[in-house]
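Encoded as structure tokens, the structure appears first; notes follow it.
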Amino acid sequence: MKKIILLIILMCGIMSFQSYAKERVPLTHGAHRIGKRTDAEMQRWREYGLGQFIHWGVYAIPGGQWNGKTSTYAAEWFRTSGLITKDEYDNLYKQFNPTAFDAKQWAKQAKQMGAKYVIFTTKHHDGFCMWPSKYTDYTIANTPYKKDIVKEIVDAYDAEGIDVYLYFSIIDWNHKGYSSKVPETESEKALYETFKDFTRNQLLELLANYPAAKGLWFDGSWDSAWIKEAAWVDSLGDELRKAHPGLIIGSRFRADENGKRHVDTNGDLIDDYDQRFERNLPNTLAELGGNDWDCVMTIPENQWGYHRDWSLTYIKTPYDLIEMAVKANSLDGNFVINFGPDGNGAIRSEETRIAKGIGDWMAVNGAAVYGTYHSVLEKQDWGYSTQKDDITYLTVFNKPMNNILKVKVPKSKEKDMIYVIEKAKFVSTKKAAVVKDGGQDKTGSIYYNITIPAEIQRLNEPFVIEIKLKQVNKGEKGAYQQALT
Ligand code: H79
């Protein structure tokens, strides 16, 4: 009998090993690293907390409207809206002369908002290049403006200490070799080869022209033609990294040999950070698989480029965006807010007002965002908590009506030990908080009550409490409480 049981156990073991082994497939073009990058460049990226995205190109000229008609489409997709002919669109660049453009002013505004990095559209799906690319005539060099906009942006943001990332669309509606579908005939294949060469040349050109750039933010890489080129794209990635040591590339650049994007066939993240969070945020750490990630967000609904009519959708407030930023950081991600300057090079007044609102809040409370990550606390209804070293930041978005904030501290993993709040203060007033025992629940979790003083209540805005937790022997709890109240 014993032998049979042993045999069954052994067989189960072999079977589960086999199924485990079956799950992992050898890949040539999957993730080339398991787990996070650990170098200084990526550590710097991880600590940004907040970034700015800029969508700017010739689509800013129509701004979602043409011949008296308004498109509800994303303004940067205007070429495909049906309101303009392709020919009309492809000639817009001849009038692109953004005389109000002042890169230094933009960079100052981004700095005031608290952005630590910027992602700038060097080329969107329409194929128009904001730099004077040698490889096409469809560039800024052939507009009345003439000057290299990418250079102006890189120089101005760099001077403000804001890291620059170059957005680059794989989709290119202007290049004759571009195809979304896998080329079939010999002539289609030959044409697609010209597009591959062109894309490679442009990327190497961007890295050579703007060595200060820290990374590339790819988009439009979901075409079946591009996915099919997994091996070639992988080698291109190697080439780009070799040309620019430390280069940061997200998961939206290449697919593995089975066409899997973002994560490969084995579920491992492709390249340096997860780029799936476009206009959406994760809710739990568990769904992130321990990977770095960013979330890019529009201020209206799905408008990235300039759209003249902002009455069409809800416009997020500074506090909406701050809440998303804190949430992203509480889940180990970066949050990036998009701006769509107009065809003249001006940032619209609504965006300026929103940037100012965010910047004013960040100037006081930024410690809860920069360099922080998920905290030891579990998610609680009042808001989000972040952590840096031994400091935990509680950012309160839902102020309780009775002005007593109930904070649940984690359970200690050590026997007879508990967590107590050793210190607590309001970040905006720098004043110590009154902390009282908040009792226990049925599971033995311990709560603390923090009184929200009148001066914080009056601010009528999200606020941050900085706390320091300490593990003590169960019996010492009373002594800590008295010291705090
Ligand atoms: O650059 C911004 C978008 O233009 C780009 N990514 C961000 C950063 C993006 N391209 N495609 N998508 C996002 C998703 C596809 C949306 C589409 Fe549509 C739905 C394309 C066609 C239908 C939105 C709605 C754009 C046109 C109509």
Side-chain angles (χ1 to χ4, degrees), residues 50-66 69-84 86 89 92 115 117-130 149-150 153 164-174 178-181 199 206 215-227 248-255 261-262 271 273-281 293-310 312-314 316 321 324 328 333-342 351:
L50 183 68
Q52 181 191 40
F53 211 143
I54 296 181
H55 272 72
W56 200 34
V58 291
Y59 40 80
I61 297 171
Q65 292 180 343
W66 198 249
K69 292 210 176 92
T70 300
S71 160
T72 54
Y73 241 53
E76 73 284 0
W77 278 71
F78 197 66
R79 190 177 184 274
T80 62
S81 67
L83 297 187
I84 191 168
K86 305 268 181 283
Y89 189 95
L92 284 173
Y117 70 124
V118 64
I119 306 165
F120 183 75
T121 48
T122 61
K123 176 175 98 168
H124 205 265
H125 308 340
D126 61 10
F128 180 73
C129 300
M130 297 292 268
I149 285 178
V150 175
I153 291 282
V164 181
Y165 289 73
L166 306 177
Y167 169 107
F168 185 90
S169 169
I170 300 301
I171 295 174
D172 187 327
W173 297 323
N174 190 260
Y178 167 74
S179 168
S180 60
K181 288 193 220 73
T199 303
L206 281 171
L216 296 166
W217 204 98
F218 286 100
D219 201 5
S221 50
W222 48 79
D223 288 335
S224 49
W226 187 256
I227 291 172
I248 294 174
I249 297 177
S251 65
R252 229 186 252 199
F253 176 49
R254 62 185 181 90
R261 300 179 61 239
H262 302 287
D271 291 327
Y273 64 95
D274 193 337
Q275 246 183 315
R276 274 176 294 192
F277 298 95
E278 177 167 322
R279 301 190 59 251
N280 69 79
L281 282 162
W293 60 277
D294 72 353
C295 166
V296 293
M297 185 56 68
T298 52
I299 296 176
E301 279 169 30
N302 204 30
Q303 294 290 344
W304 299 86
Y306 176 70
H307 196 293
R308 291 170 195 276
D309 189 354
W310 261 22
L312 297 168
T313 71
Y314 175 72
K316 296 177 191 71
L321 295 158
M324 291 174 179
N334 284 330
F335 189 69
V336 185
I337 303 169
N338 181 70
F339 289 70
D342 70 20
E351 285 180 347

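The first residue in the sequence is number 1, and the count goes up from there. When a ligand or atom number is given, it counts from 1 through the structure's own listing order.
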Looking at Glu351 and Ile299, would you say the former's side chain and the latter's main chain have a donor-acceptor pair under 3.5 Å? no

Ring centre gap for Trp293 and Tyr273 strictly below 6.0 Å: no

Would you indicate whether the side-chain heavy atoms of Pro341 and Ile54 approach each other to under 4.5 Å? yes

Distances only, to 0.1 Å: what are the N or O pairs between ligand 1 and the protein that fall under 3.5 Å?
residue	atom	partner	partner atom	Å
ligand 1	1 (O)	His55	NE2	2.6
ligand 1	1 (O)	His124	NE2	2.7
ligand 1	1 (O)	Tyr167	OH	3.4
ligand 1	1 (O)	Asp219	OD2	3.3
ligand 1	4 (O)	Glu76	OE2	2.5
ligand 1	4 (O)	Trp77	NE1	3.1
ligand 1	4 (O)	His124	NE2	3.2
ligand 1	6 (N)	Asp219	OD2	2.7
ligand 1	6 (N)	Glu278	OE1	3.3
ligand 1	6 (N)	Glu278	OE2	3.1
ligand 1	10 (N)	Trp77	NE1	3.4
ligand 1	10 (N)	His125	NE2	3.1

Between Trp217 and Tyr167, how do the two ring planes meet: parallel, tilted or perpendicular, split at 30° and 60°? parallel

Using 30° and 60° as the class boundaries, would you call the ring planes of Phe53 and His55 parallel, tilted or perpendicular? tilted

Count the heavy atoms belonging to other residues, nucleotides or ligands that lie under 6.0 Å from NZ of Lys86, then report whether that count exceeds 12. yes

